[in-house]
There are 2 protein chains.
Amino acid sequence: MPSLPTTSQRLTDRKRSAIIEAAIDEFRVAGYETTSMDRIAARAEVSKRTVYNHFPSKEVLFAEILHHLWEAIAGGEELAYRADRPLRDQLLELIAQKFRLLNDDAFVSLARVAIAAGIHSPERALDMVARMSEREEGLTVWIRAAAADGRLKTSDPVFASHQLQGLIKSFAFWPQITLAQPPLDTAAQKQVAESAVDMFLAYYAV
Amino acid sequence: MPSLPTTSQRLTDRKRSAIIEAAIDEFRVAGYETTSMDRIAARAEVSKRTVYNHFPSKEVLFAEILHHLWEAIAGGEELAYRADRPLRDQLLELIAQKFRLLNDDAFVSLARVAIAAGIHSPERALDMVARMSEREEGLTVWIRAAAADGRLKTSDPVFASHQLQGLIKSFAFWPQITLAQPPLDTAAQKQVAESAVDMFLAYYAV
DNA sequence: CATAAACTACACTACGCAGTGTAGATATTT
DNA sequence: AAATATCTACACTGCGTAGTGTAGTTTATG
């Protein structure tokens, strides 16, 4: 008669989860190269053989981690352009959505691991970036719509979107990725978001 | 009677240079972990023992590389604020100076190697970032002076400087570092610089 | 030319890591 | 309770790597 607590199902599933969790922790602090399967096994409190029973190789385990983190990322709901609302409010909402992503632990882990692993093998990173870009397309679509509606004066929505995101990421993404800085607190997020939006609109609003 | 060409001095100096050059190439494409001393020796066409006669360990060699690249970076001349000239022209000059750095091969190599190596050991990266920040202080100083002169309305020059740099780096730095993208061509540089400066001034100019 | 310094080839140690094989213990299912 | 799936400990292979020791060759210098 197994105890059968609600959080855990079959033993093999718990083991698998423990391995994935341990692998995320190890890969995220040590990178791909310097993380060893023995360390992952030890951290997961699992036999090394069990790791290999679940994942045939380090490569496969790593890919699984990336996939797992990607799935865990909070999905955005694609805010659509509204002609009847102020641009500022809509942009602030879009930015707030972006911050939810940037504050997501799974996202930061993924980005760190992916960038660290891919910085010297662009082909590996490229697929990641492609999918990240999809996620960033929402803002571009919004800007294009606002421009088509005659409320923004830009002929290059992709460029403009990239600019606005640069204003955010340089505070709330790159320092966290490259220097393991903590995420911005609420006040800082507010300042960064409002200042970015106001600067953006000061230049692009008709 | 040695040939004594002008480019090379004593044999030992040439060997040393060859090692450093080979090490830069290897570290830059493969990162710290995956680069081996044997490969460096082979690429430098030098005995492995010679490498160790010059550098006692891989760590020391790596530090030497970082130092070497740092020295090779084109030095900026610290453009000072001028009350008698348009803000836009001065800012464009500051940005142009920044682009000279961003287009510097030694700088990109250094940044790639340092970020790749330091992404999971912040203490190592911190000293780098500290020195990079010094190099970025010129812009902050300029903004502070312009604000003191009453021509910019900001109470936080560091923040504003960071914003302007975010507008540049998100096009001309991070893609090159993380995705090994080629540097921006002249036209793109012009667009990025002018658009950034105009947006910045649209918001901060009094 | 003789002496010292630097370079080379090569063998070697020590170590960590990816991955495998096996025999027995533990858990799950029927 | 029996049969089956899974986990564990552990020993082991094979490989790449950091770093050293040595004996002999090449290069510089007085």
For [X] and [N], what is the distance between atoms [atom1] and [atom2] respectively, to the nearest whole Å?
X     : N      : atom1 : atom2 : answer
B:M37 : C:dA9  : CE    : C1'   : 18 Å
B:Y52 : C:dA9  : OH    : C1'   : 16 Å
B:E59 : D:dT17 : CD    : C1'   : 15 Å
B:E33 : C:dA18 : CD    : P     : 12 Å
A:D13 : D:dC7  : CG    : C1'   : 14 Å
A:D38 : D:dA9  : CG    : P     : 13 Å
B:R16 : D:dA28 : CZ    : P     : 17 Å
B:Y32 : D:dT17 : OH    : P     : 13 Å

Just compare [options] and give me whichever is closest to any side-chain atom of [X].
X     : options                : value
A:H54 : C:dA18, D:dC7, D:dG19  : D:dC7
B:R10 : D:dT29, D:dA18, C:dA18 : D:dT29
A:S36 : D:dC7, C:dT28, C:dC17  : C:dC17
A:L11 : C:dG19, C:dT28, C:dT8  : C:dT28
A:N53 : D:dC7, C:dC7, D:dT29   : D:dC7

Practice task
Report the residue (A:T34 or A:P56) whose heavy-atom-nearest nucleotide on DNA chain C is the more 5′ of the two.
Solution key: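 So the residue in question is A:T34.
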Exercise for the section: May I ask you to verify if any side-chain N or O of A:K15 is less than 4.0 angstrom from the OP1 or OP2 atom of D:dC7? Expected result: no
Practice task
Could you tell me whether the phosphate oxygens of D:dC7, OP1 or OP2, come under 4.0 Å of any side-chain nitrogen or oxygen in A:T12?
Solution key: yes
Exercise for the section: Please tell me if the side chains of B:T50 and B:T12 come closer than 4.5 Å, counting only heavy atoms from C-beta onward. Expected result: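 Counting from C-beta outward, B:T50 and B:T12 never come under 4.5 Å.
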Exercise for the section: Answer whether the closest heavy-atom distance between the side chains of B:I177 and A:W174 falls below 4.5 Å. Expected result: no
Problem - DNA chain D contacts among residues 39-49 of chain B, heavy-atom distance under 4.0 Å - result: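 Contacts with DNA chain D under 4.0 Å: B:K48, B:R49.
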Handout entry: Enclosure of B:H54 NE2 (heavy-atom neighbours >12, cutoff 6.0 Å)
Key =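 Result for NE2/B:H54: enclosed.
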Problem - Modelled atom types, side-chain donor and acceptor of B:E33 and A:Y32, under 3.5 Å - result: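 The criterion, which ignores hydrogens and geometry beyond distance, is not satisfied for A:Y32 and B:E33.
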In a table with atom names and distances, give each donor-acceptor pair under 3.5 Å that connects a side chain of residues 180-188 of chain A to protein atoms at least two apart or in another chain.
unit_1, atom_1, unit_2, atom_2, d
A:D185, OD1, A:A187, N, 3.0
A:D185, OD1, A:A188, N, 2.8

Practice task
For residues B:Y203 and A:Y203, establish whether the separation of their ring centroids is below 6.0 Å.
Solution key: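 No, the ring centres sit 6.0 Å or more apart.
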Problem - Qualifying residues under salt bridge (Lys or Arg N to Asp or Glu O under 4.0 Å), relative to A:K190, sequence neighbours excluded - result: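 In terms of salt bridge (Lys or Arg N to Asp or Glu O under 4.0 Å), with neighbours along the sequence ignored, A:K190 is linked to A:E194.
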